[in-house]
Amino acid sequence: MKKLILILLFLAPALCFGQSAGSIVYKTAYQLKTDYEQTIKETHRMTMTYSGSKELIRGLEAQGITNPARMELASEKEILFRTGEADEQGVFPVKFEVVRSKGAQDLPAGMVIFGHGTARDGSIVFDSISSTRFDEATRRQIIDVTQSLMSQIAVPEKTLAPGESFMVETPVSIPVAHITIEMDITTRYTLNRVAGPIAYFDVEQAYEMRSNPTEFSLKAVGRGKGELQHDVRANFPLRYEYETDIQMNLAADGISIQMEIASTHLQTTSIEQVTDLLWTW
């Protein structure tokens, strides 16, 4: 689940818009030599209900596991996404840095992902990660998940008027232990209104699992809704808030686990141009 949240975390900042003649022009792009400082707050309430033979249930109870089991998690992160200056070929460096992290085990403070972008098409490629917390296999997983998302969210430029919407289909691969879970995320963005430089979008999401690991039976579906507030001058969302409800069912070795996960996500962003031409990383 944490890696799913990580994936949802990357989805929000990649949606950028512009304005022309009272309409919104959709495009994906990051500005050069710019700092995107983000604060992300999340909560997760999970309920796990076990079913199976009386012997299995008694075994769980003997281990101190209640049925149903309930868990609440909360996290807060500060993230800096920085773009550099383009070279003669239009290639520019990018850095994703976790500045502060509270309660987020998968994104510890100090973790940095490096990569580069291309000014011509706005594509981003991540190629390395700096963190003493993760082994090489986990580092590769984080880079692969991040890169997969960045490659899949590109949508042809669109012009929208209030009341119009578009959909983004995002297939994702979530590595968990020694298996990979394939899931589709469908997001509909509907332009609600425009007030000054801010465009307000209603957001609806649907999650559906595409494949089932052979080792056990796993089913997962979910829904989400929220609002995105987008600065049309900066071509970047300043506030993205949504709630999700996901149901998962896992069956293996004579036991079934029904999991319900209710989550909230609030992401705010401040944008600042980098004026010092000598900055490096």
Side-chain angles (χ1 to χ4, degrees), residues 1-11 40-77 98 100-111 131-142 144-146 172-185 205-226 241-267:
M1 180 60 195
K2 291 181 180 179
K3 288 187 172 60
L4 176 58
I5 300 301
L6 174 63
I7 291 171
L8 297 177
L9 179 152
F10 279 105
L11 180 62
I40 301 151
K41 298 180 180 179
E42 297 172 333
T43 65
H44 311 290
R45 297 192 311 275
M46 292 173 280
T47 301
M48 292 177 288
T49 304
Y50 301 87
S51 59
S53 67
K54 293 181 179 179
E55 291 76 12
L56 283 172
I57 299 302
R58 282 197 294 266
L60 293 175
E61 293 174 347
Q63 298 177 50
I65 299 176
T66 59
N67 190 23
R70 293 181 173 84
M71 181 183 303
E72 294 190 8
L73 301 173
S75 66
E76 183 173 344
K77 300 174 286 290
V98 181
R100 184 176 68 87
S101 180
K102 179 181 179 182
Q105 299 300 317
D106 280 356
L107 290 174
M111 188 189 80
S131 176
T132 58
R133 189 185 187 106
F134 301 119
D135 58 25
E136 185 59 31
T138 304
R139 293 183 187 185
R140 189 70 259 169
Q141 287 182 352
I142 294 175
D144 288 346
V145 168
T146 306
V172 296
S173 298
I174 309 170
V176 179
H178 62 289
I179 65 172
T180 298
I181 298 175
E182 306 286 342
M183 179 171 285
D184 288 326
I185 302 176
Q205 294 179 322
Y207 310 92
E208 184 174 1
M209 205 176 74
R210 247 183 311 124
S211 65
N212 192 27
T214 57
E215 293 88 345
F216 48 81
S217 173
L218 175 63
K219 298 180 181 179
V221 295
R223 296 285 179 181
K225 63 179 180 179
E241 184 173 14
Y242 59 83
E243 299 179 352
T244 61
D245 289 291
I246 296 176
Q247 295 80 42
M248 302 179 69
N249 185 276
L250 169 66
D253 299 328
I255 189 169
S256 176
I257 305 174
Q258 179 67 40
M259 180 181 297
E260 297 181 1
I261 306 169
S263 302
T264 65
H265 176 102
L266 172 61
Q267 176 174 308

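On a predicted model such as this, the values are computed, not experimentally measured, just so you know.
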Rounded to the nearest 0.5 Å, what separation is found between the [atom1] atom of [X] and the [atom2] atom of [Y]?
X	Y	atom1	atom2	answer
I40	S101	CD1	OG	9.5 Å
M48	L60	CE	CG	10.5 Å
I255	L250	CD1	CG	8.5 Å
T47	R70	OG1	CZ	5.0 Å
E208	I246	CD	CD1	12.5 Å
K41	K77	NZ	NZ	12.0 Å

Original post:
So M71 and H44, side chain to side chain contact (heavy atoms under 4.5 Å, CB included) or not? Walk me through it.
Top reply: CA-CA 8 Å; M71 181 183 303; H44 311 290; over 6 Å; no
Please give me the minimum heavy-atom distance between [X] and [Y], naming the atom from each residue.
X	Y	result
L56	G254	CD1-O, 3.4 Å
A262	D245	CB-OD1, 3.4 Å
Y50	I65	CE1-CG2, 3.8 Å
G224	Y207	N-CE1, 4.3 Å

State, yes or no, whether a side-chain contact exists between [X] and [Y] at a heavy-atom distance under 4.5 Å.
X	Y	value
I257	N249	no
M209	M248	no
L73	M46	yes
H265	T244	no
K219	Q247	no

Original post:
Is it true that R58 and E55 make a salt bridge, defined as a side-chain N closer than 4.0 Å to a carboxylate O?
Top reply: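 Salt bridge between R58 and E55, a charged N being under 4.0 Å from a carboxylate O: yes.
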**OP:** Give a yes or no on this: more than 12 heavy atoms of other residues, nucleotides or ligands lie within 6.0 Å of atom CZ of R45.
**Re:**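 For R45, atom CZ is not crowded (no more than 12 foreign heavy atoms under 6.0 Å).
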Original post:
Can you tell me if CZ on R223 sees more than 12 non-hydrogen neighbours from other groups inside 6.0 Å?
Top reply: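 It does not: R223 CZ has 12 such atoms or fewer within range.
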